[in-house]
Amino acid sequence: MQSTRLLITAQRYSSASRINHLLRRSLTISNSTIKINLINSTLSPVALNLRSCTTSGLLSLTRSDLINVRQHLPVRYASSTTLPLYKRIALPALSPTMETGTLRSWSKQVGDRISEGDILAEIETDKATLGFEAGDEGFLAKILIPGGSKDVAVGKLCAIIVEKEEDIAAFKDFKDSTSASPVKKESLDEKTTPSDKTVEKESDPVKKDDSTNTKQQQTAPTRSEIVNDRILASPFARKLAQEREINLELIEGTGPNGRVVVEDVEKFIKQGSAKAQIQVKKGKDVQTTPSKTAKQCKETAAGYNEQVSELQAANARRVTESKTTIPHYYLTIDIQLDEILKLRNKLNDKLTPKSKDSKDKTSGITIKDFIIKAAALACKKRPETNSVWMDKCIREYETVDINVAINTEAGVLVMPIIYNVDQKGLSIINTELSQLSKKASTGTLNGDELEMGTFTITNLGMYGITNFSAIVYPQQSAILAVGGVETKLLLSTDSPKGFRQSTVLNVTLSCDHRVIDGAIGAQWLQEFKQFLENPGSMIL
Amino acid sequence: MKSILRGGNRVLISKSTNVYTNLALERYLAENIKHQPKTRLLLLWRNQPCVVVGRYQNPFAESDIKYLSEKQIDLARRYSGGGTCYHDLGNLNVTIVTTREDYNRKKNLHWIVNTLNEAFNLTLHVTDRDDIFLDTFKVTGSASRLERLYAYHHFTLLINSYLNDLRRSLKSEDQMKITSKATSSVRSSVLNLADRNNSITYEKTIALLIEKFFQWNNEKTTTSCDYIDPLLYYEHIKDFENELKSQKFLYQVTPPFVYTIEHEKQPIEISVSNGIITDIKGNDSIIDKKNFLGQLFHGVYHNIQKLNKT
């Protein structure tokens with residue numbers, strides 16, 4: 001296909017050196033078995049003073065003749081100095097946002113003959129199974145990604161197909177030496193490179209004929225597909241897509257008749273199409289830049305690359321999303337815990353003699369339980385803090401379900417949930433919390449227990465942190481960061497000495513400003529402080 | 001008889017409630033209808049209580065096999081990927097079959113969401129993972145199968161299902177014991193649409209979808225809607241149906257896994273590949289390997305459970 005373009009371009013140039021260059025390019029692309037009576041044997045470069053001989057034959061071809069030439073040219077094959085012509089089969093992308101897939105099984109073995117349309121392998125990604133079919137004929141020479149391989153990157157080389165059976169042996173020890181090159185060649189989805197758009201226009205009429213002969217399995221498959229399609233899109237969406245150099249084909253239209261509207265384009269941009277875009281746009285450059293940057297990394301600082309686990313990756317995504325989308329602000333307040341401590345001791349005295357069960361190692365109610373309960377009640381008083389921003393509306397949750405951050409010994413941060421805290425008593429909260437802590441340390445928390453609630457409490461006081469500001473979680477609007485407990489001297493008019501000792505706790509409430517105004521956030525803290533300093537008010 | 005395979009925008013509703021029959025019918029139709037670009041086939045069906053696992057999942061990790069056999073709940077594996085779901089008569093299955101080029105899951109889901117929100121005054125939304133959620137509850141799970149010329153996207157819709165049965169069936173104690181590269185389900189809390197709006201029924205929903213389907217496809221003729229009795233096509237679908245019912249497809253196609261049990265305080269690792277126990281690692285003197293090596297895992301599963309308890 002590209003060679004046709006080159007031949008057409010060759011026609012347009014008058015300079016012999018340019019023609020030579022272009023001819024040489026099409027030579028390397030095509031193989032030499034063209035059965036056209038163009039020239040004696042093969043296309044040969046032109047000598048400066050032979051302008052009118054062999055190339056005139058080429059130059060005098062009409063467009064339809066050039067198309068004939070094209071039909072005899074096979075699809076693009078790669079070649080190197082030692083290996084015979086071969087075709088690279090890379091993992092296809094099924095959608096613009098697809099990054100990895102799992103190669104479940106190979107339906108063909110090394111040495112098998114491949115016919116057009118044969119299924120090569122079964123791929124699974126994103127809840128879809130795909131029978132990945134061969135684009136062309138040949139023989140399967142080498143399998144680089146074995147069946148059962150999970151999380152294979154899109155575009156990664158999976159197999160090699162050769163034209164001739166005898167070439168199979170040459171690939172016995174073939175190794176993939178290229179860096180992760182972008183999808184383009186064997187991609188089955190509908191991408192076009194913006195840089196090739198101008199070329200497309202001239203090759204479109206050529207493509208129309210081609211597409212009737214070869215179906216969708218050409219190496220440059222994308223170009224055939226958009227010819228007959230008019231993408232429905234609103235004018236503004238079209239403009240926006242053009243500005244951002246996004247192909248409208250990639251965007252799902254949710255407007256009438258499947259029209260692409262501006263929201264779709266914006267969503268597409270957010271969805272990380274930027275990644276796919278960069279791969280598509282930079283074209284050949286990408287092959288060099290990863291290796292370049294890798295090299296640079298090697299030269300600057302030595303370090304140990306620890307693979308990011310799924311949990312870490314998910315966490316990273318979540319906190320990034322939080323910090324970039326939620327407008328945070330922070331309110332901090334000191335709380336005197338003296339009354340609560342007195343109450344706690346009283347309650348624990350009442351509780352412990354009753355438990356005669358030797359297995360029950362309850363440590364009694366802790367300050368944390370009081371904090372959780374007080375937070376829930378404050379949320380009830382200020383329902384804005386128990387809500388979430390949903391673009392067009394603010395959802396006010398009916399129940400107060402609190403995620404409590406627990407740092408396990410292994411170093412993993414988990415946030416198990418306690419449901420309906422506002423309706424639960426302190427002892428129940430205490431029991432649940434200790435159960436969850438136990439499960440967290442043994443890593444046996446199940447999915448239900450790790451659900452997202454409506455509010456989060458996190459605590460770093462045990463590390464001596466006096467105060468800190470936490471990050472609000474995406475489905476919530478506020479998070480309470482509990483610092484350490486300190487004994488302070490406070491001015492007191494009641495005391496004869498003029499001061500008294502007090503156990504003081506510092507907390508910081510991080511709020512989403514879209515949902516919680518400064519005044520509301522401050523009132524929440526006031527209520528919270530009130531509950532803890534006058535525990536009796538929790539009953540009201 | 002052959003007209004059932006004609007192309008165009010059509011709706012077919014299956015009269016069968018047998019999961020194997022319906023899955024076979026789905027595949028038969030997808031492979032054989034005269035696909036026309038820019039047209040869709042809508043298939044509506046529902047099943048007697050059953051659990052359907054994704055193509056590359058491990059049924060032991062996804063459901064309580066013992067409970068299923070006790071309650072005579074069918075276990076099926078479908079051809080498309082994704083996670084496990086529980087079907088019963090309160091759970092509507094929707095399949096949209098198109099040409100490969102017209103495959104677009106998000107479009108399908110947005111159509112459903114818009115249709116249901118408008119008609120039943122709901123606030124459904126589509127998530128990144130192509131699920132439909134109502135607030136924080138999942139009401140739909142999607143999966144798809146792509147072939148060269150066609151693709152189908154199917155999804156469930158919880159209208160009025162027995163959620164307790166759902167939870168009980170999908171609870172697997174073996175989840176912790178199994179290590180494999182099989183696809184694992186992402187569990188979510190579920191909700192019936194009827195719980196949110198108690199005027200929603202199965203009958204109303206299918207009537208609504210049929211009406212809106214033709215509108216969605218800008219189709220003037222709204223009469224291409226038929227009830228289909230799969231039994232009439234038994235000859236054509238029996239091969240698929242038999243495959244779906246076979247022990248081989250149900251169990252042996254599971255990706256290789258290692259099943260770990262604790263026997264007399266010692267961990268024993270049982271490696272299973274293609275459904276057959278290929279290796280047992282653990283204290284040799286304790287168990288009689290002969291009885292297990294080379295056996296079909298699902299065949300000796302009961303005995304393995306017994307070992308685990310001792």
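The sequence lines fix the lettering, A, B, ..., with proteins before strands; numbering per chain opens at 1.
With a 4.5 angstrom heavy-atom cutoff, R129(B) touches chain A via backbone and side-chain atoms both. Only the side chain of R55(B) has a heavy atom closer than 4.5 Å to any heavy atom of chain A. Residue Y79(B) touches chain A through its backbone alone, counting heavy-atom pairs closer than 4.5 Å. Neither the backbone nor the side chain of N217(B) has a heavy atom closer than 4.5 Å to any heavy atom of chain A. Looking at A151(B), neither its backbone nor its side chain comes within 4.5 Å of chain A, counting heavy atoms on both sides.
Ranked by heavy-atom pairs shorter than 4.5 Å toward chain A, the options S142(B), S188(B), G141(B) are led by S142(B). Contact count versus chain A (heavy atoms, under 4.5 Å) is highest, among P37(B), G54(B), A182(B), P256(B), for A182(B). Among the candidates Q475(A), M452(A), E451(A), the residue making the largest number of heavy-atom pairs closer than 4.5 Å to chain B is E451(A). Counting heavy-atom pairs under 4.5 Å between each of R187(B), Q175(B), K181(B) and chain A puts K181(B) at the top.
For the side chain to side chain contact (heavy atoms under 4.5 Å, CB included) with H87(B), the lone residue among V52(B), V51(B), N22(B), L158(B) that qualifies is V52(B).
Residues T129(A) and Y56(B) form a side-chain contact, since some pair of their non-hydrogen atoms from C-beta on lies under 4.5 Å apart.
Looking only at atom types and distance, the side chain of Y86(B) has no donor-acceptor partner in the side chain of N91(B) under 3.5 Å away.
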Could you walk me through whether T95(B) and L42(B) pass side-chain contact (heavy atoms from CB on, under 4.5 Å), step by step?
CA-CA 6 Å; T95(B) 307; L42(B) 179 73; over 6 Å; no
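Judged by the 6.0 Å distance and 45° axis criteria, R40(B) is positioned over the aromatic ring of W216(B).
Other residues, nucleotides and ligands contribute at most 12 non-hydrogen atoms within 6.0 Å of the CG atom of N274(B).
Relative orientation of the F60(B) and F297(B) rings is perpendicular, given thresholds of 30° and 60° on the angle between their planes.
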